[in-house]
Structures are given as structure tokens and as C-alpha cells.
Amino acid sequence: MAFAIQSGTTVLFTGDSITDTGRREGNFPFGNGYVRMSIDLITARCPQHKLKFINTGISGHTVRDLQNRWTDDVIRHQPDWVSIMIGVNDVHRWIHKVDGQSVSPEEYAEIYPRILDRVKKETKAQLVLIEPFYMSVEHAPGSYRANVLTQLAKYQKTCEKLAKQYKARYVRCHDMFQSLLKIHPADRFCPEPVHPNASGHLTIAHEWLKAMGW
């Protein structure tokens, strides 16, 4: 499979803190996570490509937040590729029943296709959906982490279903981390289950590039 990103295209990444990684602060404009690493690897391999990259991830956001800023942060840029990672904040706020912010699996499954529909109808972009993940192998009954993994599976099922429905490239980050955690300790990739360290972000970048035909 040939590398999907051709010269002259615009690639937009969006999502929550895992995509943001300080891109609005000291690590402007791409952050210091998988987005920056993917861009640097593409530049190293394809220096002749004339590409534009945009990162509009915002820490703490859910799919509801994405819907509320979709015109400004995605549609107006008219990208050729839209890469989305969203879901882990939705899970946590659903578990904690955060007032006004809780996003149930059903609401996630209702809102996510709305923003994908807009990409298809209002741009010429192709889609990349990144599976929401949680870096833990805890399955002890009653534990918080086990509950997160159980609830997260519902959101992951929606994400994978939508990737097939919208013919999107699908990046299986959760499966990747679960495989890695069978061999390596979790702190090799993360200080806690949600936010990767540099090594964790590099593995996401590698998985993303593989999905793009790297």
C-alpha cells in the first residue's frame, strides 16, 4: 500500500489533550506528541512533499465539544485529510456523571456521525479515526480501571463501526497498547493510563503512519 498523503495536501488533526499536547502554549503549533512526531517523520521521509499540517486538538474535550467547534476548527480549513481522536474524556465523564459534560455511549454514537457527515458534505477530505484507548490491563471486579475498560469498549465499538461506514482509515491504538502491555510495564509508555509519555506518543505516531500506508 502506497503512502496515502500526497504532495500538496492539507492534513488536519483534532481531538482532546492527547492531540493537543501543548500546541496552544509552549509547543505551538503542533504540540509535542504524536502529531508532531508524525509530521517530523513524514518530513524526514518525504522532504520534497509540499504539505500543510494543522492541529486543533483541545485538552479536556469530548465529542460534544468537537461538534460545537467543528465549523471553525475543521470545516473552514477545507483539509484533504481529517484525523480524529476522541472518546476517553467522554468515558470518564460518563462514569463520574459530570453535570452538563457527561457523554453516554449512546450520545457518543449519535454525535460522532454528525461531525463525520459534515466532513463528507462540506469538504473533500478523507477521514482517519483513531481508536480511543486506555493503557491498563486491570480487570479486577469493582476496580475503577476495570470499569473504564468495560465502558470504553462501547465507545470503541462505535468508532470502529463508523470507520467502516465512512470508509475511514482506522488506527487501532487500544489494541496496540494492550499488546505492548503484555510485554512491557505500563510506565514505559505512560505515567497514568490516559496520557502517553514520549515513547507512548511515538508508538501512536507509528501506528497512525502504518494506517496511512507508511
Side-chain angles (χ1 to χ4, degrees), residues 1-20 30 33-35 38-39 42 51-58 61-91 93-94 103-134 151-178 203-214:
M1 179 171 61
F3 188 43
I5 299 176
Q6 301 299 309
S7 183
T9 59
T10 297
V11 183
L12 186 146
F13 298 85
T14 197
D16 53 32
S17 59
I18 304 166
T19 299
D20 183 335
F30 302 128
Y34 79 93
V35 174
S38 297
I39 292 169
I42 292 169
L51 301 171
K52 181 179 181 180
F53 297 101
I54 301 167
N55 183 352
T56 65
I58 296 182
H61 274 197
T62 65
V63 74
R64 188 187 298 161
D65 296 307
L66 286 190
Q67 179 178 237
N68 290 336
R69 62 185 176 90
W70 206 241
T71 298
D72 289 338
D73 285 3
V74 176
I75 302 300
R76 76 178 181 88
H77 293 289
Q78 290 297 298
D80 300 288
W81 288 93
V82 175
S83 177
I84 309 166
M85 180 191 289
I86 201 71
V88 72
N89 291 321
D90 308 66
V91 176
R93 290 176 193 165
W94 172 243
V103 179
S104 69
E106 294 76 19
E107 184 177 4
Y108 183 84
E110 179 183 347
I111 292 177
Y112 210 155
R114 290 180 190 167
I115 64 175
L116 300 183
D117 280 339
R118 290 197 61 194
V119 172
K120 290 298 185 180
K121 292 176 181 177
E122 300 176 47
T123 79
K124 296 180 180 179
Q126 298 182 68
L127 291 163
V128 184
L129 303 189
I130 303 176
E131 179 181 52
F133 61 85
Y134 192 68
Q151 297 301 321
L152 179 63
K154 302 172 185 177
Y155 298 78
Q156 291 167 337
K157 184 176 180 180
T158 290
C159 194
E160 183 172 12
K161 178 182 177 181
L162 291 174
K164 293 175 181 176
Q165 180 181 341
Y166 288 86
K167 296 181 172 58
R169 308 244 173 177
Y170 193 54
V171 185
R172 298 182 179 276
C173 280
H174 186 75
D175 289 348
M176 173 199 68
F177 279 122
Q178 290 297 300
T203 61
I204 297 172
H206 182 252
E207 202 69 12
W208 190 90
L209 289 166
K210 279 170 54 181
M212 302 301 286
W214 191 254

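Position 1 is the first residue of the sequence; numbering continues from there. Just so you know, these numbers come straight off a predicted model, no measurement behind them.
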### Task
Please examine the side chains of Pro132 and Met85, heavy atoms only from C-beta on, and report whether any two atoms are closer than 4.5 Å.
no

### Check against side chain to side chain donor-acceptor pair (under 3.5 Å), Ser83 and Arg169
CA-CA 9 Å; Ser83 177; Arg169 308 244 173 177; over 6 Å; no

### Phe53 side chain reached by Ser38 side chain, heavy atoms, under 4.5 Å
no

### Query
With ring centroids as reference points, do Trp208 and Tyr34 lie under 6.0 angstrom apart?
no

### Query
Is it true that Arg172 and Glu160 have a side-chain N and a carboxylate O under 4.0 angstrom from each other?
yes

### Query
Within the distance-only criterion (no hydrogens, no angle test), does the side chain of Gln126 pair as donor or acceptor with the backbone N or O of Val82 below 3.5 angstrom?
no

#### Entry: Under 3.5 Å donor-acceptor, His77 side chain and Leu12 backbone
no

### Task
Go through the steps to decide whether Asp16 and Ile86 satisfy the test side chain to side chain contact (heavy atoms under 4.5 Å, CB included), and finish with yes or no.
CA-CA 6 Å; Asp16 53 32; Ile86 201 71; 4.1 Å; yes

### Message
Please check: side-chain N/O of Glu106 versus main-chain N/O of Val103, any donor-acceptor pairing under 3.5 Å?
### Response
no

### Query
Looking only at atom types and distance, does a side-chain atom of Gln67 sit under 3.5 Å from a main-chain N or O of Thr62, one as donor and one as acceptor?
no

### Check: Glu122 and Asp117 side chains under 4.5 Å, non-hydrogen atoms
no

## Note on the structure
Closest non-hydrogen atoms of Trp70 and Ile115, given as atom of the first, atom of the second and distance, are NE1-O, 3.1 Å

### Task
To the nearest 0.5 angstrom, please state how far the OH atom of Tyr166 sits from the NZ atom of Lys120.
9.5 Å

### Message
Using the rule given for side chain to side chain contact (heavy atoms under 4.5 Å, CB included), can you reason through Leu209 versus Ile42, listing the C-alpha separation, both sets of side-chain angles and the distance that settles it, and then say yes or no?
### Response
CA-CA 9 Å; Leu209 289 166; Ile42 292 169; 3.7 Å; yes

### Query
Counting distance only, does the side-chain N/O of Glu207 pair as donor-acceptor with the main-chain N or O of Cys173 below 3.5 Å?
no

### Task
May I ask you to decide if Asp20's main-chain N or O and Ser17's side chain share a donor-acceptor pair within less than 3.5 Å?
no

### N/O donor-acceptor pair under 3.5 Å between Asp90 side chain and Pro105 backbone
no

### Close side-chain approach of Ile58 and Asp73, heavy atoms under 4.5 Å
yes

### Query
Taking side chain as C-beta onward, heavy atoms only, is Arg69 less than 4.5 Å from Thr56?
yes

### Query
What distance separates His206 NE2 from Lys210 NZ, expressed to the nearest 0.5 Å?
5.5 Å

### Query
How about Trp94 and Tyr155: do any of their side-chain heavy atoms sit closer than 4.5 Å?
yes

#### Entry: For Phe133, the option from Val171, Val88, Ile204, Asp175 that meets side-chain contact (heavy atoms from CB on, under 4.5 Å)
Ile204

### Message
Is there a side chain to side chain contact (heavy atoms under 4.5 Å, CB included) between Leu116 and Ile84? Walk through the geometry before answering.
### Response
CA-CA 10 Å; Leu116 300 183; Ile84 309 166; 3.6 Å; yes

### Task
Using a 4.5 Å cut-off on heavy atoms from C-beta on, say whether the side chain of Trp81 contacts that of Thr10.
no

### Query
Given Phe13 and Ile54, is the side chain to side chain contact (heavy atoms under 4.5 Å, CB included) satisfied, shown in steps?
CA-CA 6 Å; Phe13 298 85; Ile54 301 167; over 6 Å; no

### Query
Roughly how far apart are Thr203 OG1 and Met176 CE, rounded to 0.5 Å?
3.5 Å

